[in-house]
Amino acid sequence: MVNLLSDIILRFVKLNGVRILSDGDTDGVFATGFLLRALILMNVEEVYSGNVEYPRAREMEKLTATGNILIELHTERGIKYSGQNLLIDHHPEPPRVVLYSDQTPILTRKYNISTSAAGLIHYIFEKSLDVPADLVELVDQVDYKNYQVEDAHKLARAFIISRNIPDEKLRDIFQSTQVQVKDAPLFKNLERLILASSPIYGLLTLALALGDYDSIYEWIFYESQRFENEIVPTVKKLYSRATRIGNLSYVVYNYGDLKERTAADDVFYILQRESEIAAVIGVTTNGFSVRMASLNPGSNLMKLFLNISDKRIKGGGRENIINLYFPNTFFTLADVINTLCRVSQQA
């Protein structure tokens, strides 16, 4: 008998297979791993012929999804839908699973909970999953930048340093995972991700799919310590450069400097805790990569930004956090800062 909570996902898998396109943040990777784990434990054979991709932001506008399970990749992110696709998302709340025909939602299931995408997958498949409850809670706290326990902050730090500055020991940590790999398309795909420039996408997805939670906890401990040793000094340096204008605090950093790019996430979190609105501005070769957020539940930054924006600025997000890109063919750093100030003044 089909579980009523999971029937929309399982029916889609039976018809379309398991081809996942997921956001590449911590929540997206854990949601993908939890989903694969649930399908494996439920003996859904289609999972072994599956494929997983974590497209980069700049690739979204070139992507057309057909027959895909999309994790946190709504059309507002730039991706195009064609034919049937299944969206699993939690922004805006409530968390939901939506079946699309081209651009039109034809079936929506909403869940009366407040959680991350990974938490939603865990809720839907809880009776089948063996995921430790505390791991789900850590991912929730990371996604909402609400570090109630130190291990959540450690997880956030572990993921970003593994993604930006991979360490040779990563493959050793996940060795017990890799020896379990079978000769199936899904595992060949994940092996390919492991050999890519940021192997953590493949390693972590594989460990979650195979239930190797001991390796995941070891990874969190090792990489958070590496962050403490290698990145925290840069966090302090960037924070000391913060500028405060009214209700806005921001930091400008060198996006091409991997330590600064990795440290920017921690600085962003600190600024959010002390200011109504926070922003980090990464200076790239071709423009400015901006994250702007507010912990004030009454702030709708996305709406405010859309009111004053123009089409030369790329980006998207949700009510309280937006990601923007300003090409330097049209904008200077001063233009970027002025735009952020205009948004913050209206918040």
Side-chain angles (χ1 to χ4, degrees), residues 6 9 13 18-44 46-54 69-73 88 90 115-143 151-152 154-160 162-163 166 170-182 184-196 198-224:
S6 62
I9 297 176
V13 165
V18 179
R19 295 189 296 135
I20 300 173
L21 292 175
S22 177
D23 190 12
D25 66 357
T26 311
D27 185 25
V29 175
F30 273 83
T32 299
F34 288 174
L35 178 56
L36 294 175
R37 181 65 178 162
L39 296 175
I40 288 172
L41 291 175
M42 295 173 74
N43 297 313
V44 176
E46 288 83 355
V47 70
Y48 295 106
S49 298
N51 188 75
V52 174
E53 299 293 341
Y54 296 102
I69 297 172
L70 302 153
I71 297 179
E72 295 190 293
L73 294 185
I88 300 173
H90 69 124
T115 188
S116 61
L120 174 59
I121 295 292
H122 182 261
Y123 177 80
I124 292 171
F125 292 100
E126 186 174 11
K127 293 182 179 178
S128 303
L129 275 172
D130 58 357
V131 179
D134 70 306
L135 189 57
V136 181
E137 180 59 28
L138 294 184
V139 179
D140 265 355
Q141 292 185 27
V142 170
D143 194 58
D151 281 351
K154 288 180 179 179
L155 170 57
R157 287 175 158 186
F159 183 78
I160 196 164
S162 290
R163 185 187 69 186
L170 282 176
R171 289 182 177 83
D172 293 337
I173 291 173
F174 289 101
Q175 184 60 39
S176 59
T177 297
Q178 296 175 81
V179 298
Q180 299 181 61
V181 167
K182 303 171 184 176
L186 172 68
F187 299 117
K188 295 298 182 184
N189 169 233
L190 293 179
E191 282 182 316
R192 179 177 59 78
L193 292 180
I194 291 170
L195 295 173
S198 290
I200 191 59
Y201 286 108
L203 291 167
L204 188 53
T205 305
L206 182 62
L208 289 163
L210 296 177
D212 188 4
Y213 304 117
D214 288 343
S215 293
I216 292 171
Y217 286 116
E218 182 183 350
W219 162 72
I220 294 172
F221 175 79
Y222 175 80
E223 287 291 72
S224 61

Those residues at least two apart in sequence (or on a different chain) that pass ring-ring contact (aromatic ring centres under 6.0 Å, His included) with His122 are none
[X] versus [Y]: any side-chain heavy-atom pair under 4.5 Å?
X: Tyr48; Y: Ile40; value: yes
X: Phe159; Y: Leu204; value: yes
X: Tyr123; Y: Thr115; value: no
X: Glu72; Y: His90; value: yes

Could you work out, with side-chain hydrogen bond (donor to acceptor under 3.5 Å, both in side chains) as the rule, every residue matching Tyr54, not counting sequence neighbours? Thr205
Quick check for you: to the nearest 0.5 Å, what is the distance between Asp212 atom CG and Leu210 atom CG? 7.5 Å
Test Phe174 against every option in Ile200, Ile194, Val179 by the side-chain contact (heavy atoms from CB on, under 4.5 Å) rule and name the one that passes. Ile200
Before giving the answer on side chain to side chain contact (heavy atoms under 4.5 Å, CB included), spell out for Met42 and Val47 the whole-Å C-alpha distance, their side-chain angles and the decisive distance to 0.1 Å. CA-CA 10 Å; Met42 295 173 74; Val47 70; over 6 Å; no
Would you please say whether a donor-acceptor pair under 3.5 Å links the side chains of Ser116 and Asp143? no
Quiz question: by atom type and distance under 3.5 Å, do the side chains of Asp130 and Tyr213 form a donor-acceptor pair? yes
Are Tyr201 and Arg163 close enough, and set up right, to give a side chain to side chain contact (heavy atoms under 4.5 Å, CB included), and what steps lead you there? CA-CA 8 Å; Tyr201 286 108; Arg163 185 187 69 186; 3.0 Å; yes
Short question: side chain of Asp27, backbone of Ala117 - any donor-acceptor pair under 3.5 Å? yes
Does Arg192 pair with Glu53 as a salt bridge, N-O distance under 4.0 Å? yes
For Glu218, give me all partners under salt bridge (charged side-chain N to carboxylate O under 4.0 Å, His left out), at least two apart in sequence or on another chain. none
